[in-house]
Amino acid sequence: MSDTIYSPGVQAYIKKGETMATDLAAHRTKMRQKKFDTIAVHGLYGMEAALSNQGSIIEPAYFSSAQHFENSDHMEASLAYLMPSWTYSRIANPTLGYLEETLALLDGYGFDGEVSACATSSGMAAIFMATNPFLAIDEDTPGQPINIVAGAKCYGGTFMLFGQRYAVERGIEVRWVRNTLDLDEWAGKIDANTRFVFGEMPSNPSLAIFDIEALAELAHGHGIPLIVDSTVATPALMRPLRHGADIVVHSTTKAMTTSGFGIGGAVIARHNIPSRVGPDEMPANFALYVKLFPFRDHGPSISPFNALMTLNDLRTLRSKVSIMSSNALQVAQFLQQNPQVEEVDYPGLHDMPGYDIASRYMWLVDSEDDYGAPVNSFGHLLSFTVKGGAAATRTMFDQLQMVWRATDLGRIKTVATIPAISTHQQQGEEGRALADVPPNLVRLSVGAEHPADIMKDLEQALAAVNQSKLMQAYG
Ligand SMILES: *Cc1c(COP(=O)(O)O)cnc(C)c1O
């Protein structure tokens with residue numbers, strides 16, 4: 001690319017592109033001074049952008065597959081990636097651009113360095129795009145085996161991607177960390193052939209916790225990146241880049257699109273990350289590199305409609321996450337008192353291992369403005385085990401009258417699932433033992449209904465377990 005000589009016509013477009021990029025950067029800098037809610041509401045779509053969109057005050061949905069160019073010079077400059085343009089919706093699209101800028105600003109909130117984002121068609125696409133580039137052949141040691149180090153308590157899809165697609169199909173060694181709170185376990189698994197460290201915090205469904213700062217330091221000591229899946233926390237509660245993480249992945253399907261109107265994901269990375277492989281552009285701006293090259297070639301782009309649904313839900317993310325978190329804490333405390341419940345996992349419960357670390361990282365963003373001091377807030381997700389094993393768990397589950405039975409979470413509506421027969425079914429018994437997913441585990445994503453109504457439904461469903469046991473005893 002660098003040795004191409006461009007005609008004066010193309011060069012004029014490149015010059016114009018530089019001005020466009022400078023203006024965009026200036027707007028970005030201006031927005032970074034604003035509060036979280038302001039960023040969430042406006043993103044990078046301001047009056048200037050509106051004037052080139054017929055004055056629309058809401059980001060328009062661009063459903064067009066492609067961009068028309070003024071002439072061949074404009075086309076050449078754009079396709080050489082030398083001026084801001086979108087070209088073709090598999091690569092980029094203005095509506096996706098608004099979403100990406102907002103996501104980068106939100107996860108980069110309170111972080112000093114530069115942050116970029118790449119929106120994807122799903123959370124799994126984001127995890128694939130964030131990890132696969134690090135599995136390239138190392139030109140210096142082409143024959144060496146490759147390994148990755150990841151927390152075993154993770155989303156079922158991630159478990160399958162790493163354990164099947166990477167390990168079984170491609171021969172990459174996956175070193176699962178069972179106790180994510182134990183730094184020595186992480187440290188003992190990283191070596192000269194490790195390409196990245198991956199952790200989910202808090203994890204789905206077990207709500208496992210790890211110390212982001214300490215793990216980032218450990219990874220950086222080996223010259224490799226820390227990738228954090230912070231889907232469950234969302235940037236309203238936790239922004240791992242501030243604590244040393246290099247790349248954040250999200251399933252934006254979940255609490256970031258609370259309405260449940262679409263599947264989506266995001267790769268969000270700070271600039272200048274460590275990496276043992278890849279061209280220089282890759283660590284310099286990982287999210288942009290992914291977007292322009294591997295993402296372009298693999299094709300997991302999100303539909304403009306879904307992008308707009310997410311963008312729209314993000315505007316009120318903080319207030320929704322705040323309500324859902326406070327409801328979840330009440331429900332978790334209620335479940336702890338219920339005689340049919342064995343154990344409750346929720347990062348906000350004092351007796352949960354990892355509570356101290358969760359309290360260090362999970363804060364409702366800007367809560368000091370509302371309450372005078374920062375307030376811990378632990379998210380919408382909890383899980384609990386039911387006394388009486390798998391059968392009792394199914395009895396309770398089938399008795400739910402308002403709480404939805406679905407493999408979903410992060411909804412404005414409360415949703416429950418039994419992970420062993422749904423999200424974590426395909427990884428098998430051994431895989432579930434590794435990830436600590438027993439058959440009597442129920443995952444509950446607490447929504448924004450009145451908490452009394454949520455608890456009432458759970459209470460009657462749990463009471464049904466007792467009744468069915470009595471029936472058996474007397475029948
Ligand atoms: C759901 C989920 C994913 C996968 O996201 P999809 O949008 O369903 O592809 C990844 N990580 C976590 C923690 C999730 O909850």
Side-chain angles (χ1 to χ4, degrees), residues 99 103 107 117-132 150-166 180 198-210 212 227-238 240 245 247-268 295 298-303 305-307 309-310 313-314 321 324 328 345 347 358 362 378-383 406-411 415-419 422-427 435-437 441 443-447:
L99 173 63
L103 290 168
D107 251 291
C118 172
T120 60
S121 57
S122 69
M124 283 319 302
I127 294 168
F128 176 70
M129 293 317 314
T131 53
N132 191 55
K153 288 180 182 167
C154 65
Y155 178 68
T158 308
F159 195 91
M160 297 303 272
L161 174 69
F162 291 179
Q164 295 295 313
R165 308 284 84 74
Y166 289 171
T180 52
F198 185 100
E200 201 174 296
M201 166 140 169
S203 77
N204 166 11
S206 324
L207 289 310
I209 298 294
F210 63 86
I212 301 175
I227 305 169
V228 177
D229 182 338
S230 81
T231 296
V232 173
T234 84
L237 299 186
M238 190 177 87
I247 302 168
V248 173
V249 288
H250 284 291
S251 165
T252 57
T253 313
K254 310 293 168 53
M256 289 165 87
T257 311
T258 336
S259 57
F261 281 141
I263 301 282
V267 178
I268 303 160
F295 173 84
H298 286 286
S301 56
I302 182 172
S303 133
F305 178 82
N306 287 9
M309 290 295 109
T310 303
D313 268 331
L314 282 176
V321 165
M324 288 154 72
D345 285 332
M362 301 182 75
F378 297 96
H380 57 278
L381 197 69
L382 62 91
S383 63
T407 59
D408 203 4
L409 63 99
R411 291 296 144 255
V415 181
T417 191
I418 301 175
S422 59
T423 52
H424 293 66
Q425 185 191 140
Q426 292 188 10
Q427 69 195 55
D436 210 2
V437 179
L441 184 79
R443 184 186 74 191
L444 191 70
S445 172
V446 179

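Predicted model only: the values in this text are computed from it and were never measured. One-based numbering along the sequence shown. Just follow the structure's listing: the first ligand is 1, and inside any ligand the first atom is 1.
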* With Val446, the side chain to side chain contact (heavy atoms under 4.5 Å, CB included) member among Val415, Leu382, Leu409 -> Leu382
* List the steps and the verdict of side-chain hydrogen bond (donor to acceptor under 3.5 Å, both in side chains) for Asp313 and Ser259. => CA-CA 7 Å; Asp313 268 331; Ser259 57; 2.4 Å; yes
* For Glu200 and Tyr155, which heavy atoms make the closest approach, and how far apart are they? -> OE1-N, 2.8 Å
* Verify whether the ring centers belonging to Phe162 and Phe198 lie closer than 6.0 Å. => yes
* Can you say whether the rings of Tyr166 and Phe128 are parallel (under 30°), tilted (30 to 60°) or perpendicular (over 60°)? -> tilted
* Report the C-alpha distance between Thr417 and Thr407 in whole Å, list the side-chain angles of each, state the deciding distance to 0.1 Å, and finish with yes or no for side-chain hydrogen bond (donor to acceptor under 3.5 Å, both in side chains). => CA-CA 6 Å; Thr417 191; Thr407 59; 5.8 Å; no
Could you list, one pair per line, each nitrogen or oxygen of ligand 1 together with any protein nitrogen or oxygen closer than 3.5 Å, giving atom names and the distance rounded to 0.1 Å?
from     : atom 1 : to     : atom 2 : distance (Å)
ligand 1 : 5 (O)  : Ser251 : OG     : 3.0
ligand 1 : 7 (O)  : Gly123 : N      : 2.8
ligand 1 : 7 (O)  : Ser251 : OG     : 2.8
ligand 1 : 7 (O)  : Thr253 : OG1    : 2.6
ligand 1 : 9 (O)  : Gly123 : N      : 3.0
ligand 1 : 9 (O)  : Met124 : N      : 2.9
ligand 1 : 11 (N) : Asp229 : OD2    : 2.7
ligand 1 : 15 (O) : Asn204 : ND2    : 2.9
ligand 1 : 15 (O) : Lys254 : NZ     : 2.8

